Amino acid sequence: PEYEPPVEEYEGCVAEVQIGATRSDGGSRDRVVVLGGERAYFPFEEPRPNPPVVTFDVFDTPDVGIPGPIREELGDVIEDPVDWARTVVKRYGVDIVTVHLVSTSPKLHDAPVEEAMETLEDILDAVKVPIIVGGSGDPEKDVEVFVKAAEVCEGERVMLSSINEDMDFERVVEAAKEHGHVVLTFAPVDVNLMKSLNKKVLNRGLSKEDVVMDPTTCALGYGIEYTIDVMTRIRLAALKGDEHLQMPISSGSTNAWAAREAWMKEESWGPREYRGPLWEAVTATTVALCGADLLMMFHPWAVQVVMEAMEYMAE
Amino acid sequence: MAQLSAMDVYNLLPKANCGACGCKTCMEFATKLVNREAKPEDCPKLDDESLEKLQELLAPPVKELTIGEGDREVTVGGDEVMFRHELSFFNPPPVFVTVYDDMEEDEIAGKTEEIQEFQVERVGEVLKLDGVAVVSRTGDPEKYARAVEIAVERSEDLAVALITTDPKVMEAGLDVFDERPLLYPATEENVEDLAKLAADGDCPLGLHARDVEDLVPLVVEAQQYTDDLLLDPGTEFGPHDVVSTTDKLAEIRKAAIEEFESFGYPTLVTTFPYAFLEDDPVKAARRESYLASACVLRYADILIMDTVEPWALLPVLTQRQCVYTDPREPQEVEPGLYRIGDPDENSPVLVTTNFTLTYHCVAGDLESADIDCWLLVIDTGGLAVDVSVAGGQFTGEAVKEVIEETDIEDKVEHRVLVIPGKAAAVKGDVEDATGWDVMIGTQDSSELPEFLEKEGLLRIEE
Ligand code: B12
Ligand code: SF4
């Protein structure tokens, strides 16, 4: 029998989204990150033009329940977000960093927006990789944070992470449009909700090249099968030509730590120092194989293993 | 990969609507057949010819086959879709763990016992290992035979794989154990000899090539002797292991589903060579775990590993449990009243939802802390706490319903309910609907025993 590799021709493709801007683009980054661009589902059909990218999570306060094994691994740097960002870029060579401005949460420190902007500016000075600006998850405060961040980061093409239906997201979209940033849309594990939010965002004048989507990452053992199905269906729809799902996919792979197998002290499971990072690496890799283009992670071992592996998606 | 329609199947049925198959109509039976919830043999009215036609029509593009006999039997393969959401994946991949003929005899015995006894409980299910793989490293038939003998003696219900490229060594192994072990690896060099052994002993045969295409001539050659084959396109080791290996497996599976018949067999993945490639056993086990977990998602039908470390096996077995749940079935337990330990009229009453994962987390945490209590499981249609709070299934009314149906009011003297921390938003609603006092518990049920103790809720006396 004559063997022909089962390579499929797809009608659609995923948009390419650039995060960060160099001097020549009006920013001050040393390099940029490009996500997406897939024209096939499996790498054997066609290698991914841009391999999935790992972004290291940095929080602007350590008071957010950072799992023990990560505190131990990172040490004192978690006390200072600027130090944290600088260290992970230098030590682990990550291509992009996410700064979660969680201290702004009214439920946490309720830090004023201006204070968060100072942190953001300090980080933009301290590291020269592209930046993702994360909110605190508070639907009202986040709008204020993102609108201001869009202004403060003028020219840098950051990604604002994230907007959802529970907030006045239109204001964030306007700000992103005005200042040339990327937005991350979020919907809880549902293809139709994801699609309808993207549609609204595109109707407001952003293009596919300005949007990344997060259809929720459920941890290994805590519903990863839902995420597997949702991401797969989204990517297949994109390749079939559904314009409202043709954005790169982002994954909060740190959700892996929601699973008790990752963090709980339980002798019969073996040391959690080994379990946790594996849990994160497996969760991230699973979603990447299903289509994710951006992996938000924070355990150094997991980050390194996954970064190394992802390079091969593009070969 | 046109999926079979119920109509295609219906046309081959007797159309007698007699009900003997347990379905009211032949059409209902046809639907069940397509969904793989029934077998053609269940219809007694089918003549031999139609039965055969149906079996052929319904045969999945990836052959389903068994390894071992009796208690040692495992079934592998049988898939018909690329993605689980299209139907479901069938036959979770068995995990075999290796022993080696250059180990001391008591080491072989010891590791085999570890493999046999390994178990962890997750979500009400006991996760176990499925097989022992005896690997020849000495090339000495006698040594190998002895290793197989020990592995078989020290295991009860593990399937067996015999791993050697040397037909003489393989024969020595088969002399000791011939209950359908898996023979592996048949390569370009030895395929004829091993295929003959497999055919004589009625054993499944694992083929190994360096690449996908190189498997084709191997399959063709082996098919002259046997049709019980497994395909190993060569695990890749190193930083690219996960991506390259899963990509090869995906290629094979896609070809199979698009009806390239030479690839219509289950796949086999080995991660055990990492034990020899890395000097540090922790590094080796991590690498194996990472690679095997990814291959569970992407089309491995059998895994052969070296590690027995629970921390390394847990991700693999968890991934297997998740990927192989049937997406067509809600993951739920029966709503109602559950007794945890030995509760009485002063024991606390706790509320949770009937999502399998939620129920087992909560029940497991309470049981392992030896708490005596009543657990009221409400019907949220199999949704987790925060999901059902957000979606409106976790309501006062839903709690009231189980309270009434289970007569809990006759079983306890107090009227205090503890609800999950994540259900804090419905506290008032539950109070109004039930008239009970409602206390908000912890976010995670692992902190619940401590909370009950601290709040003095272990015994509630008026
Ligand atoms: C998987 C998932 C889904 C799956 C549901 C799978 C299922 N069977 O439940 C699907 C895709 C169906 C889904 C749908 C929706 N989801 Co959803 N989903 C999740 C996700 C990712 C995980 C939920 C989970 O499995 N948790 C694990 C279980 C074990 O947790 P649990 O039930 O809470 O149990 C724990 C505790 O509550 C506690 N506990 C349990 N019982 C008890 C009892 C006592 C006495 C105590 C003290 C403690 C306790 O211990 C347990 C172990 O830790 C979460 C995000 C997250 N949390 O990571 C979002 C999430 C819950 N979903 C959310 C939303 C909004 C929705 C939708 C409304 C959106 C939509 N698609 O329309 C729907 C609602 C559907 C409906 N109800 O009709 C939001 C809820 C936001 C909020 N809090 O208001 C979340 C938080 C995501 C987000 N950040 O936006 N979802
Ligand atoms: S037993 Fe056969 S003939 Fe009778 S209803 Fe079932 S499928 Fe139809």
Side-chain angles (χ1 to χ4, degrees), chain A residues 1-8 41-45 47 51 188-189 218 220-226 228-230 232-233 236 258-262 264 266-275 277-279 281-283 285-286 288-290 301-302 305-313 315, chain B residues 82-85 120 122-123 212-213 215-216 219-220 236 239-244 246-248 250-258 260-263 282 285-287 289-290 293-294 297-298 309-316 318-319 321-325 327 357 361 365 384 387 390 444 446:
Chain A
E2 198 62 37
Y3 177 67
E4 278 285 334
V7 173
E8 201 163 322
Y41 190 82
F42 294 109
F44 78 80
E45 300 179 280
V189 259
C218 311
L220 172 60
Y222 266 49
I224 199 167
E225 62 275 26
Y226 298 101
I228 290 171
D229 292 352
V230 167
T232 305
R233 288 169 57 203
L236 292 173
R260 53 183 53 194
E261 288 85 349
M264 211 157 89
E266 166 62 54
E267 222 163 286
S268 69
W269 292 344
R272 63 172 188 167
E273 288 67 26
Y274 299 150
R275 270 186 270 130
L278 255 176
W279 222 260
V282 170
T283 301
T285 304
T286 299
L289 290 171
C290 293
W301 181 83
V305 167
V306 173
M307 272 176 70
E308 267 184 7
M310 291 305 124
E311 283 304 309
Y312 296 91
M313 289 272 207
E315 271 173 25
Chain B
M82 280 312 280
F83 304 109
R84 64 187 290 287
H85 72 262
V120 276
R122 257 203 102 254
V123 204
V212 173
E213 279 152 65
L215 274 173
V216 182
V219 172
V220 172
E236 300 279 337
H240 61 302
D241 55 0
V242 157
V243 172
S244 306
T246 57
D247 208 36
K248 288 184 187 179
E251 181 175 343
I252 291 186
R253 184 53 39 89
K254 192 152 189 274
I257 284 171
E258 291 175 6
F260 180 68
E261 282 176 15
S262 302
F263 284 170
V282 170
R286 270 182 157 169
R287 210 70 223 182
S289 176
Y290 179 52
S293 302
L297 169 77
R298 285 282 177 256
E309 291 290 349
W311 58 266
L313 289 169
L314 196 57
V316 183
T318 303
Q319 178 89 314
Q321 198 182 20
C322 296
V323 169
Y324 280 81
T325 53
L357 180 62
C361 283
D365 288 335
V387 181
D444 195 290
S446 62

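Labels below follow one simple rule: chain letters A, B, ... track the order of the sequence lines, proteins then strands, and each chain is numbered from 1. All values reported here derive from a predicted model rather than from experimental measurement.
Both the backbone and the side chain of B:Tyr290 come within contact range of chain A, each with at least one heavy atom under 4.5 Å from a heavy atom of that chain. For B:Thr246, the part sitting under 4.5 Å from any heavy atom of chain A is the side chain, from C-beta outward, and nothing else. Residue contact with chain A, scored on non-hydrogen atoms closer than 4.5 Å, is absent for B:Tyr324. At a 4.5 Å heavy-atom cutoff, the contact between A:Ser268 and chain B is made by backbone atoms alone. When heavy atoms are compared at a cutoff of 4.5 Å, B:Glu309 does not approach chain A at all. Both the backbone and the side chain of A:Val305 come within less than 4.5 Å of a heavy atom in chain B. With a 4.5 Å cut-off on non-hydrogen atoms, B:Asp241 does not touch chain A at all.
A:Glu225 has its side chain out of reach of B:Pro327: every pair of non-hydrogen atoms, C-beta onward, lies at least 4.5 Å apart. Between A:Pro5 and B:Val212, every side-chain heavy-atom pair lies at or beyond the 4.5 Å cut-off. Residues B:Trp311 and A:Pro271 form a side-chain contact, since some pair of their non-hydrogen atoms from C-beta on lies under 4.5 Å apart. With a 4.5 Å cut-off on side-chain heavy atoms, A:Glu8 and B:Glu258 count as touching. Looking at heavy atoms from C-beta onward, A:Arg260 lies in side-chain contact with B:Asp365 at the 4.5 angstrom threshold. In this structure the side chain of A:Met310 never reaches within 4.5 angstrom of the side chain of B:Pro239, judged on heavy atoms. Looking only at side-chain heavy atoms (C-beta outward), A:Glu311 and B:Val243 stay at 4.5 Å or farther from each other. Residues B:Phe83 and A:Leu236 are in side-chain contact: their nearest non-hydrogen atoms beyond the backbone lie under 4.5 Å apart.
Looking only at heavy-atom pairs under 4.5 Å with chain B, the residue among A:Arg233, A:Met313, A:Arg275, A:Met264 that has the most is A:Arg233. The greatest number of non-hydrogen atom pairs below 4.5 Å with chain A, out of B:Ser293, B:Ala255, B:Pro315, is found for B:Pro315. Comparing B:Cys361, B:Ser289, B:Ala312, B:Ala285 by how many heavy-atom pairs each has under 4.5 Å with chain A, the most go to B:Cys361. Looking only at heavy-atom pairs under 4.5 Å with chain A, the residue among B:Asp247, B:Thr318, B:Val282 that has the most is B:Asp247. With chain A as partner, the option from B:Ser244, B:Ser446, B:Ala294 having the largest number of non-hydrogen pairs under 4.5 angstrom is B:Ser446.
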Go through the steps to decide whether B:Glu251 and A:Phe42 satisfy the test side-chain contact (heavy atoms from CB on, under 4.5 Å), and finish with yes or no. CA-CA 8 Å; B:Glu251 181 175 343; A:Phe42 294 109; over 6 Å; no
Could you go step by step and tell me if A:Phe44 and B:Lys254 meet the side-chain contact (heavy atoms from CB on, under 4.5 Å) rule? CA-CA 11 Å; A:Phe44 78 80; B:Lys254 192 152 189 274; 4.0 Å; yes
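Residues satisfying the side chain to side chain donor-acceptor pair (under 3.5 Å) test with B:Arg84, not counting sequence neighbours, are A:Asp229, B:Thr325. Residues passing the side chain to side chain contact (heavy atoms under 4.5 Å, CB included) test with A:Glu261 are A:Tyr222, A:Ala259, A:Trp269, A:Trp279, B:Arg122, B:Leu314, sequence neighbours excluded.
For the atom pair CD1 (A:Ile228) and CG (B:Leu297), the distance works out to 5.0 Å, reported to the nearest 0.5 Å. Taken to the nearest 0.5 Å, the CE atom of B:Met82 stands 10.5 Å off from the OG1 atom of A:Thr232. The structure places OH of A:Tyr3 at 10.5 Å from OG of B:Ser262, a figure rounded to the nearest 0.5 Å. Note that the SG atom of B:Cys322 and the CD1 atom of A:Ile224 stand 7.0 Å from one another [nearest 0.5 Å].
Formation of a donor-acceptor pair under 3.5 Å by the B:Arg286 side chain with backbone atoms of A:Leu278 is not found in this model.
For A:Glu273, the CD atom counts as densely surrounded, since its 6.0 Å shell holds more than 12 non-hydrogen atoms of other residues, nucleotides or ligands. Around the OH atom of A:Tyr41, the shell of radius 6.0 Å holds more than 12 heavy atoms that belong to other residues, nucleotides or ligands.
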